[in-house]
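A short write-up of the structure that comes next.
Residue numbers run from 1 in the order of the sequence given. None of these values were measured; they are calculated from a predicted model.
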Amino acid sequence: MSLRIFLFPVVLLTSFAALASNIRSRGLAMEGVSLTDPMALLSNPSAPGDTNASVLQAFAEDRYGIELLASRGVAFASGKARQRIGVELTQTGTSVYNRKRIGLGTGINLFQKARFGIGLLGEAQSIRVPQESSTRLAWSSVLGWYIKALPGTSIGLVVTGPESLLSTARYRLEQPTLRFGLSWNPNRSVTWSLETTQRAGSPTILSTGLRYQPNKSLELACGWRSDHMLLSLGVGFQHKKCRLDLAFEQHRQLGTRSSISLLYFLSTRR
């Protein structure tokens with residue numbers, strides 16, 4: 001029973017965080033709600049993506065060397081004309097504590113320079129110890145807006161878990177979370193992003209990052225976040241239809257969080 005009491009807070013703290021699949025934005029120390037990356041759809045369901053191609057991704061993440069929090073999964077995103085849809089499957093934990101999650105997101109153009117999207121997250125959390133086991137099912141919704149405000153400038157807004165305001169369940173869903181992001185591209189090689197995250201009952205988190213792409217094959221990124229994160233670094237390699245992304249975040253107290261993803265573009269990029 002004591003182990004169960006210890007594990008459930010860990011489960012709740014890591015539950016319904018932003019989806020892990022947008023590894024490219026991790027180098028910027030943010031979730032990427034104002035970006036147009038191929039997998040940004042799973043951070044902001046209204047994100048248009050920078051391609052109409054179908055994209056398949058496998059990814060893995062090591063969180064500070066804690067096996068209980070290590071995750072791996074696959075994701076898929078596809079778009080055509082005004083619409084875009086994505087799905088992600090993620091598994092986290094060990095045989096003692098295991099968390100399986102599915103995320104769905106879809107977005108559509110509202111106006112010429114604005115999009116709206118909606119996402120759903122479903123999660124099954126299991127704890128298994130000798131003579132005791134427990135499983136918890138939960139879900140959350142995601143609402144997203146994306147606006148191309150000015151040439152080279154984009155704005156993203158995401159609300160996660162608004163339904164929790166009405167929840168009276170014993171294990172409450174995630175408190176409502178508001179993410180606001182701003183990205184600026186002064187030219188094709190440089191992207192600067194700023195993002196704030198406000199979760200009910202928690203201090204506001206500020207993130208900022210810079211991405212530099214000297215050519216089509218290489219990309220470099222760095223970022224900083226205010227919640228004890230010292231520095232984030234990212235690097236991406238593109239070769240024909242394959243893309244490899246690596247991201248590293250250094251936490252002041254917990255250590256290093258590392259992520260890797262491999263993308264394969266199932267159709268030709270436009």
Side-chain angles (χ1 to χ4, degrees), residues 11 13-28 30-63 69-80 83-93 98-108 115-126 136-144 146 156 158-161 163 173-174 177 179 181 195 197 234 236 242-247 249 257-267:
V11 170
L13 286 172
T14 60
S15 173
F16 290 126
L19 298 184
S21 61
N22 194 17
I23 303 300
R24 190 180 180 191
S25 67
R26 292 295 174 84
L28 297 170
M30 60 186 63
E31 305 300 343
V33 299
S34 62
L35 299 177
T36 60
D37 303 341
M39 288 299 170
L41 176 71
L42 294 169
S43 295
N44 181 351
S46 65
D50 61 1
T51 176
N52 286 324
S54 297
V55 186
L56 182 64
Q57 179 183 243
F59 59 92
E61 185 176 46
D62 174 51
R63 299 186 184 185
L69 301 181
S71 62
R72 54 274 184 197
V74 294
F76 173 79
S78 183
K80 184 178 181 180
Q83 299 178 340
R84 192 162 177 82
I85 188 170
V87 60
E88 177 190 41
L89 299 173
T90 307
Q91 178 171 308
T92 303
N98 188 276
R99 184 184 68 184
K100 294 180 175 66
R101 179 172 57 183
I102 180 171
L104 302 171
T106 183
I108 189 171
R115 289 176 60 85
F116 172 75
I118 185 170
L120 291 174
L121 305 175
E123 191 166 279
Q125 304 167 3
S126 300
R136 174 179 178 265
L137 301 177
W139 69 277
S140 183
S141 65
V142 182
L143 302 177
Y146 178 91
V158 173
V159 181
T160 304
E163 71 286 337
L173 303 178
E174 183 189 17
T177 302
R179 291 185 174 90
E195 191 169 298
T197 300
C242 294
R243 178 183 175 88
L244 177 68
D245 284 295
L246 302 170
E249 297 177 310
R257 174 179 179 176
S258 56
S259 310
I260 182 172
S261 69
L262 179 63
L263 284 79
Y264 181 75
F265 294 88
L266 300 175
S267 56

Heavy-atom closest contact ([X] atom, [Y] atom, distance):
X      : Y      : result
Ala40  : Gly32  : CB-O, 4.1 Å
Pro45  : Gly144 : CG-N, 4.0 Å
Gly93  : Arg72  : O-NH1, 3.6 Å
Gly236 : Asp245 : CA-OD1, 3.5 Å
Arg26  : Glu249 : O-OE2, 3.8 Å
Ala77  : Leu41  : CB-CD2, 4.5 Å

For Asn98, which residues count as a side-chain hydrogen bond (donor to acceptor under 3.5 Å, both in side chains) partner, sequence neighbours excluded?
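Here the qualifying residues are Lys100.
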
Using the test side-chain hydrogen bond (donor to acceptor under 3.5 Å, both in side chains), find all partners of Thr197 that sit at least two apart in sequence or belong to another chain.
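Thr197 satisfies side-chain hydrogen bond (donor to acceptor under 3.5 Å, both in side chains) with no residue once adjacent residues are dropped.
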
Side chain to side chain contact (heavy atoms under 4.5 Å, CB included) assessment of Leu143 paired with Phe116
CA-CA 8 Å; Leu143 302 177; Phe116 172 75; 4.2 Å; yes

If the test is side chain to side chain contact (heavy atoms under 4.5 Å, CB included), which one of Leu35, Val33, Thr36, Val158 qualifies with Tyr146?
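Answer to the side chain to side chain contact (heavy atoms under 4.5 Å, CB included) test with Tyr146 among Leu35, Val33, Thr36, Val158: Thr36.
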
Report the residue from Val87, Thr90, Leu89 that forms a side chain to side chain contact (heavy atoms under 4.5 Å, CB included) with Val74.
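For Val74, the side chain to side chain contact (heavy atoms under 4.5 Å, CB included) test succeeds with only one of Val87, Thr90, Leu89, which is Leu89.
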
With rounding to the nearest 0.5 Å, note down the distance linking [atom1] in [X] to [atom2] in [Y].
X      : Y      : atom1 : atom2 : value
Gln57  : Met39  : CD    : CE    : 4.5 Å
Arg179 : Ser34  : CZ    : OG    : 12.5 Å
Leu56  : Ser78  : CG    : OG    : 11.0 Å
Arg24  : Ser261 : CZ    : OG    : 10.0 Å
Leu137 : Gln125 : CG    : CD    : 9.0 Å
Arg101 : Glu123 : CZ    : CD    : 5.5 Å

Between Ser54 and Phe76, is any pair of side-chain heavy atoms under 4.5 Å apart?
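A side-chain contact exists here, since the closest heavy-atom pair is under 4.5 Å.
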
Are the side chain of Ser43 and the backbone of Glu31 linked by a donor-acceptor contact shorter than 3.5 Å?
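Yes, the answer is positive, given that a donor and an acceptor are paired below the 3.5 Å cut-off.
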
Residues in salt bridge (Lys or Arg N to Asp or Glu O under 4.0 Å) contact with Glu195, at least two apart in sequence or another chain:
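For Glu195 there are no salt bridge (Lys or Arg N to Asp or Glu O under 4.0 Å) partners, ignoring immediate neighbours.
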
Sequence neighbours excluded, which residues qualify as side chain to side chain contact (heavy atoms under 4.5 Å, CB included) partners of Leu120?
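For Leu120, the residues satisfying side chain to side chain contact (heavy atoms under 4.5 Å, CB included) (neighbours in sequence not counted) are Ser141.
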
Could you list the residues that satisfy side chain to side chain contact (heavy atoms under 4.5 Å, CB included) with Ile85, not counting sequence neighbours?
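With neighbours one apart ignored, the set is Thr106.
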
Contacts of type ring-ring contact (aromatic ring centres under 6.0 Å, His included), residue Tyr264, not counting sequence neighbours:
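Tyr264: no ring-ring contact (aromatic ring centres under 6.0 Å, His included) contacts found.
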
